[in-house]
2 protein chains.
Amino acid sequence: MEKSDETIFVDCPIAGVQKIVRGKWNMVILYFLHQQTLRFGELSRKLPTVTQAQLTKDLRLLEGYGLINRKVYPQVPPKVEYSLTAMGDQFMPVLRALEQFADVYEVKQA
Amino acid sequence: MEKSDETIFVDCPIAGVQKIVRGKWNMVILYFLHQQTLRFGELSRKLPTVTQAQLTKDLRLLEGYGLINRKVYPQVPPKVEYSLTAMGDQFMPVLRALEQFADVYEVKQA
DNA sequence: CGGAATCCCGGCGGATACTG
DNA sequence: CAGTATCCGCCGGGATTCCG
């Protein structure tokens with residue numbers, strides 16, 4: 001077999017899921033989409049420091065992972081809505097846990 | 001102030017904590033250290049695909065974040081033990097949530 | 001034994017410009 | 001409006017070598 005890039009692969013159940021969490025904006029995107037379905041532009045405005053190019057890439061990735069839905073309305077001007085899939089919803093406990101942690105602990109800079 | 005590199009900084013509570021989760025091995029390290037205190041070599045053996053250099057870096061990072069303790073025994077040969085801090089323990093719910101998620105969903109490759 | 005110091009490479013992720 | 005295409009800097013992270 002060719003490298004096959006098995007992300008991590010150790011005796012740790014978390015290893016396989018890690019890629020979801022590694023992208024710089026993935027979790028933030030999931031966080032916002034859980035609150036409500038959003039159009040591309042709306043989401044973009046909530047993430048002022050992300051370029052559209054990057055946002056598009058990340059959305060495609062998350063879509064590929066099966067976490068979000070991409071619904072295109074064939075009209076002019078275009079309209080695309082993003083929302084969480086059932087799988088995406090099931091990821092929320094992770095974000096909630098993260099949120100609670102963030103609530104209590106301030107992570108030091110270095 | 002100079003750039004100050006405010007990692008993410010959006011209206012999302014998760015943003016600040018994200019750095020913990022981004023390092024390729026950080027979560028796995030936390031996972032193993034939660035099970036038990038480990039010496040460097042022991043931890044290293046549990047992560048066969050990580051080089052010591054990288055492992056050292058990651059451990060130092062997590063220590064800097066306040067998540068793990070580094071206890072040095074001044075002796076020859078050297079002995080260093082790593083364990084979770086109280087803060088590190090509080091991070092476990094996140095890993096548990098992640099674990100549960102991983103249990104149900106297989107993340108697609110792309 | 002547990003590092004520190006270097007070197008190096010791929011790819012994440014940002015900027016900019018263009019399109020249906 | 002919601003993208004694509006392209007270019008590129010930067011750094012995460014692997015390999016290797018040396019040190020107390």
Side-chain angles (χ1 to χ4, degrees), chain A residues 2-10 15 18-29 33 37-65 68-83 109-110, chain B residues 2-10 15 18-29 33 37-65 68-83 109-110:
Chain A
E2 347 70 59
K3 287 189 45 202
S4 89
D5 177 33
E6 62 292 45
T7 44
I8 283 197
F9 198 83
V10 277
Q18 212 228 16
K19 57 160 97 66
I20 296 177
V21 124
R22 293 199 64 194
K24 186 169 181 180
W25 304 102
N26 294 5
M27 292 199 304
V28 184
I29 292 171
L33 286 186
T37 295
L38 287 173
R39 299 185 54 177
F40 183 87
E42 295 170 335
L43 190 53
S44 183
R45 252 164 274 128
K46 285 179 178 292
L47 302 162
T49 63
V50 197
T51 61
Q52 280 123 339
Q54 191 57 43
L55 184 53
T56 300
K57 284 186 200 170
D58 292 345
L59 287 169
R60 287 299 205 282
L61 253 187
L62 293 174
E63 188 191 2
Y65 293 160
I68 65 176
N69 279 316
R70 180 167 176 272
K71 184 172 188 177
V72 182
Y73 295 83
Q75 64 183 41
V76 178
K79 174 180 174 181
V80 181
E81 283 185 347
Y82 292 93
S83 58
Q109 280 305 342
Chain B
E2 346 70 59
K3 286 190 46 203
S4 91
D5 179 33
E6 61 297 42
T7 45
I8 284 197
F9 197 82
V10 277
Q18 212 228 15
K19 56 160 98 65
I20 296 176
V21 124
R22 293 199 63 192
K24 186 171 182 180
W25 303 101
N26 294 5
M27 293 199 302
V28 184
I29 292 172
L33 287 186
T37 295
L38 288 173
R39 297 185 54 176
F40 183 86
E42 295 171 334
L43 190 53
S44 184
R45 253 165 273 127
K46 286 180 177 289
L47 300 162
T49 62
V50 198
T51 61
Q52 281 119 339
Q54 192 58 42
L55 184 53
T56 300
K57 284 186 202 171
D58 292 345
L59 286 169
R60 285 301 205 284
L61 252 187
L62 293 174
E63 188 191 2
Y65 294 160
I68 66 176
N69 279 316
R70 179 167 177 272
K71 184 172 188 176
V72 182
Y73 295 83
Q75 64 183 40
V76 179
K79 174 180 175 183
V80 181
E81 283 185 347
Y82 292 93
S83 57
Q109 280 306 341

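Sequence lines set the chain letters: A, B, ... in the order given, protein chains first and strands last, and positions in each chain run from 1. Quantities reported herein were computed from a predicted structural model and do not represent experimental measurements.
- Remark: P of C/dA15 and CG of A/Leu47 are 13 Å apart, rounded to the nearest angstrom.
- Between A/Ala53 and B/Val72, the residue anchored nearer the 5' end of DNA chain C, judged by the nucleotide with its closest heavy atom, is B/Val72.
- Closest to the B/Thr51 side chain, of the nucleotides D/dA15, D/dA2, C/dC1, is D/dA15.
- A straight line from NZ of B/Lys24 to C1' of D/dG14 spans 8 Å, rounded to a whole angstrom.
- Summarising the geometry, atom OG1 belonging to B/Thr56 is positioned 11.5 Å from atom CD belonging to B/Glu63; distances are rounded to the nearest 0.5 Å.
- For A/Val80, counting side-chain heavy atoms from C-beta on, the closest listed nucleotide (D/dT4, C/dG3, D/dA2) is D/dA2.
- Summarising the geometry, the separation between CG on B/Leu55 and P on D/dG12 is reported as 16 Å, rounded to the nearest angstrom.
- Of all nucleotides listed (C/dG2, C/dG14, C/dA4), C/dG2 comes nearest to the side chain of B/Phe40.
- Within 4.0 Å of B/Thr56, counting heavy atoms only, lie sugar-phosphate atoms of the nucleic acid but no base atom.
- Counting any heavy atom pair closer than 4.0 Å across all strands shown, B/Tyr82 reaches sugar-phosphate atoms only and no base atom.
- A cation-pi arrangement is present between A/Lys19 and A/Tyr65, with the terminal nitrogen or guanidinium carbon under 6.0 Å from the aromatic centre and inside a 45° cone about the axis.
- Atom P of nucleotide C/dG2 and atom CD1 of B/Ile68 are separated by 14 Å, given to the nearest angstrom.
- Interatomic distance, B/Gln54 CD to B/Thr51 OG1, rounded to the nearest 0.5 Å: 5.5 Å.
- Counting to the nearest Å, the P atom of C/dG13 and the NZ atom of B/Lys19 are 15 Å from each other.
- An OP1 or OP2 oxygen of D/dG12 is reached within less than 4.0 angstrom by no side-chain nitrogen or oxygen of B/Trp25.
- Regarding contacts with the backbone of D/dG3, a side-chain N or O of A/Arg70 is found under 4.0 angstrom from either OP1 or OP2.
- A close approach under 4.0 Å does not occur between any side-chain nitrogen or oxygen of B/Arg22 and OP1 or OP2 of D/dC11.
- The distance from atom CG of B/Leu43 to atom P of C/dG3 is 10 Å, rounded to the nearest whole Å.
- Rounded to whole Å, the distance from CD on B/Gln54 to P on C/dG10 is 17 Å.
- When each of C/dG14, D/dA2, D/dG14 is scored by its nearest atom to the side-chain atoms of B/Lys57, the top-ranked nucleotide is D/dG14.
- For A/Pro78, the side-chain atoms get nearest to D/dA2 when compared with the rest of D/dA2, D/dA15, C/dG3.
- When each of A/Glu81, A/Arg39, A/Lys79 is paired with A/Tyr73, the side-chain hydrogen bond (donor to acceptor under 3.5 Å, both in side chains) condition holds for A/Glu81 and for no other.
- Scanning both residues, B/Phe40 and B/Gln52, for their nearest heavy atoms gives CE2-CG, 3.6 Å.
- One atom, CD of A/Gln52, and another, C1' of C/dA15, lie 11 Å apart when rounded to the nearest Å.
- Of the candidate nucleotides D/dA15, D/dA2, C/dG3, D/dA2 has the atom nearest to the side chain of A/Arg39.
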